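Read through the structure below, which is laid out as structure tokens, and then see the notes.
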There are 4 protein chains.
Amino acid sequence: MIAPAPPANHEPDPRRRDARVHRAILEATVELLESGGYKRLTIEAIAARAGVGKQTIYRWWPSKAAVVMEAYIAAGLERVPEPDTGNLSEDLRAILVPVFRWNAAYHRGTALANKSMMAEAQINPVFHETYVQLHRSWWGPLHHVLERAKERGELRPDADSGALIDLMLGASWYRLLLEHAPLDERFAEVVIATVVNGNRPR
Amino acid sequence: MIAPAPPANHEPDPRRRDARVHRAILEATVELLESGGYKRLTIEAIAARAGVGKQTIYRWWPSKAAVVMEAYIAAGLERVPEPDTGNLSEDLRAILVPVFRWNAAYHRGTALANKSMMAEAQINPVFHETYVQLHRSWWGPLHHVLERAKERGELRPDADSGALIDLMLGASWYRLLLEHAPLDERFAEVVIATVVNGNRPR
Amino acid sequence: MIAPAPPANHEPDPRRRDARVHRAILEATVELLESGGYKRLTIEAIAARAGVGKQTIYRWWPSKAAVVMEAYIAAGLERVPEPDTGNLSEDLRAILVPVFRWNAAYHRGTALANKSMMAEAQINPVFHETYVQLHRSWWGPLHHVLERAKERGELRPDADSGALIDLMLGASWYRLLLEHAPLDERFAEVVIATVVNGNRPR
Amino acid sequence: MIAPAPPANHEPDPRRRDARVHRAILEATVELLESGGYKRLTIEAIAARAGVGKQTIYRWWPSKAAVVMEAYIAAGLERVPEPDTGNLSEDLRAILVPVFRWNAAYHRGTALANKSMMAEAQINPVFHETYVQLHRSWWGPLHHVLERAKERGELRPDADSGALIDLMLGASWYRLLLEHAPLDERFAEVVIATVVNGNRPR
DNA sequence: GTATAATCGAGACGGTACGTCTTGTCTTCGA
DNA sequence: TCGAAGACAAGACGTACCGTCTCGATTATAC
């Protein structure tokens, strides 16, 4: 009559995860988001489209936006380059141009996902944290680039790296979210030039 | 009794709008938003708190976000200053510092409303248009300030005003939305200094 | 400083009633009932169709069914014949055949109104009373006819007139309400013959 | 996961129906109907009283009236006796007395439900069909009783059974709906005696 | 190899909020 | 000064999703 282990709330065992099911969910998410926007992207719709039970989604992801995040982003976006060309503008370009490019097509793919996640983050505090993590993956490389530029004398040593990073990424997200002007390379050049020229040592 | 005019989908007659009801709805919206955030802000809750029928809200506003917009914004946010001090930094400061200040308290008041509206704009295309209008009310004055600075020779004549505006407002909204760093005056100064110094005539 | 007459809740002054408006409402009611059935007959629809304010209807009638009653019924239904042919069957026929005829066309006119009123009477207790009054206009003449038949020796003197009346009118309304069999003269004859033969003196 | 079968409008699977929930809904319906009448009987109230989501009701019943019908009827009302005593009056009594008794207490229980259903049937054509089915459950046994009486020579062979049935049930429903006189056994006796005596073979 | 146990599809369930509809009262405006 | 027009509070409607839960039917590990 030894007490059996309490049933408890099992964390699901990742080894038993069905890879085909996993893939089907991510694919359904992409299809729905691109065809109908975030409004139409419901857990029910994903489950139906993927031919999957709702519980299977809830088992593996904490929120709808987390599915979107994995479906679109984690696959490639967090692989941020860590350039070190010896030239500040060049380094910034290496990091920012892919970001601008991903976000350029406002109504499709990564851009749509990014907007959706930003919206969800404003509504769902738990997801907000996760989403900030994603942005951190840009902040790190950008920070290194800026600090090295200070060491090389390309940037004022007292420049506020954090503020400059927000200036550059903010510019990108502002256009992404409002869609009032194109997120093209010309814009990227203005952003980079302004930051670099605006913070040269005297 | 005479010609039974075909029913048609009447726009309601604004002259017949009950001012007290109008005010009660906006006040209830502010109270709910500040106490519970956008997630808890439902049309049902607004109606209950304001002592109003739901239909009355649907009659006058096309979406929840439109109510929020009017509740928070029409009150004062669109009154953007049009400074002309003869000094670019000074002019930018006059416009941007109030914006930064409004958005500084991330979890209350205007900031909460701004985040809510940005989120809704990503989900609801109709509201997106309305919301961009709000931002336009900053773009105009900033554009004038930058153009005058070009005339005075404080700014390179070929500087891309639109891009610089997005750089400055983007910085503000990026911190508002991610909340990873304070929207304080120090940040405002970095933003302004970078834009001004980064685009001086050679 | 004599106290002015208190404003009070005016009973409407019947002298000021606008006859054209009155007629328009009744006509609209008939048209709507015949075209869409009782379900579609709403106060709003009557008002719209008659080109009349809703208040005007509420001012003069206590319920929707009261409008129907006036629109259809008072026009002719309460003019029940008071036959005295010296023959019971003949007398009953004189009263019942018009009733059967009115109710025969299940989906139009008087029949529709009768069904509507019976339904409303089950839901609205105030109207129930009014509606019973309408039925009383048949009970009176039928009662006289039966009593005279007792005097003439055509009917058992202890026959329960009330019960016999309910038997005859009940038969009619049962078919009206369920529509499972025709309300024709053959049925009327069976009803009359059964009542007359079933209650002859021994 | 394999073929994403097109969604289609699933009928729910009756095997998965939760019996306790089913019962709770029917009980809540009876309680509400008996206490407040059909007017107060709303789907929302049933759901609240039963501690059930509204969707659960809409999933299993096509209309409020269908719930009422099942709640009251399936419970016992459709178990109509099939007497065969060899005596017509006796047989009719066996069938009709229970009907009269159920309907006798005009403002409570079964009587209230019956009136409500009759009203709904006049407004809702779909329910009308369902409701007629309920009455059929009396017509069948009454028809057999009358036909056997013809064979035994108690009834004229050319008597119109359908008409006689409507005469008897109509009498009952007429009093039920108008409430102007009691639905007691005396009335039942008059009804039965009139039908039997009124259609004896010559 | 066989039990054991978890995942899976499916979808019922209690809820919340949606946006619409109708009721009966109250208010405004025009004739 | 009255009535048409319609705004208003109230509240039920039927729908859409939410996130949890229970069912068998597969798997797939672990014994």
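To find a chain, count down the sequence lines: A is the first, B the second, and so on, and within it residues start at 1. The model shown is predicted, which means the values in this text are computed figures rather than measured ones.
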To the nearest angstrom, how far is B:I25 atom CD1 from F:dA7 atom P? 13 Å

When you measure only distances, ignoring hydrogens and angles, does the side chain of A:K54 come within 3.5 Å of the base of E:dG11 through a donor and an acceptor? no

Between the base of F:dA5 and the side chain of B:R16, is there any donor-acceptor pair under 3.5 Å? yes

Measure CG/D:D13 against P/F:dT22 and give the value in whole Å, please. 18 Å

At under 4.0 Å, does any side-chain N or O of B:W60 touch on OP1 or OP2 of F:dC8? yes

Using whole Å, what does the distance between atom P of nucleotide E:dG14 and atom CZ of D:R49 come to? 16 Å

Nearest to side-chain heavy atoms of A:T42, which nucleotide of F:dC13, F:dC18, E:dT23: F:dC18

For side chain to side chain contact (heavy atoms under 4.5 Å, CB included), just list the numbers for B:S116 and B:L33, CA-CA rounded to whole Å, side-chain angles, deciding distance to a tenth of an Å, and then say yes or no. CA-CA 9 Å; B:S116 304; B:L33 190 51; 3.9 Å; yes

On the ring face of A:W60, is A:R16 found with NZ or CZ under 6.0 Å from the centre and within 45° of the axis? no

Result for 5'-nearest mapping on DNA chain E, choosing between A:R17 and D:R59, is A:R17

Value in whole Å for how far the P atom of F:dT15 lies from CD1 of D:I43: 11 Å

For B:S63, run the side-chain contact (heavy atoms from CB on, under 4.5 Å) check against B:N124, B:T130, B:V68, B:I123 and tell me which one passes. B:N124

Taking only N and O in the side chain of B:R15, is any of them less than 4.0 Å away from OP1 or OP2 of E:dG30? yes

Just the rounded figure in Å: distance from P of E:dT27 to OH of C:Y58. 17 Å

Whole angstrom is fine here: how far is it from CG in D:L32 over to P in F:dA12? 12 Å

Of F:dA4, E:dG9, F:dT20, the nucleotide closest to the side chain of C:V52 is F:dA4

Which listed nucleotide (E:dC18, F:dC21, E:dA12) is nearest to the side chain of A:Q55? F:dC21

Side chain of C:E44: nearest nucleotide among F:dA4, E:dT23, E:dT20? E:dT23

For B:A47 and B:K39, find the nucleotide of DNA chain F closest to each by heavy atoms; which residue's nucleotide sits nearer the 5' end? B:A47

Report yes or no: is the cationic atom of A:K64 (NZ for Lys, CZ for Arg) closer than 6.0 Å to the six-membered ring centre of A:F127, at no more than 45° off its axis? no

Spacing of C:R20 atom CZ relative to E:dA31 atom P, expressed in whole Å: 16 Å

Give the rounded distance in Å between these two atoms: CD1 of B:I46 and C1' of F:dC8. 17 Å

Which of the following nucleotides, E:dG9, E:dC18, F:dC18, is nearest to the side chain of A:T56? E:dG9

Judged by atom type as modelled, is there a donor-acceptor pair below 3.5 Å linking the side chain of D:H128 to the main-chain atoms of C:L177? yes

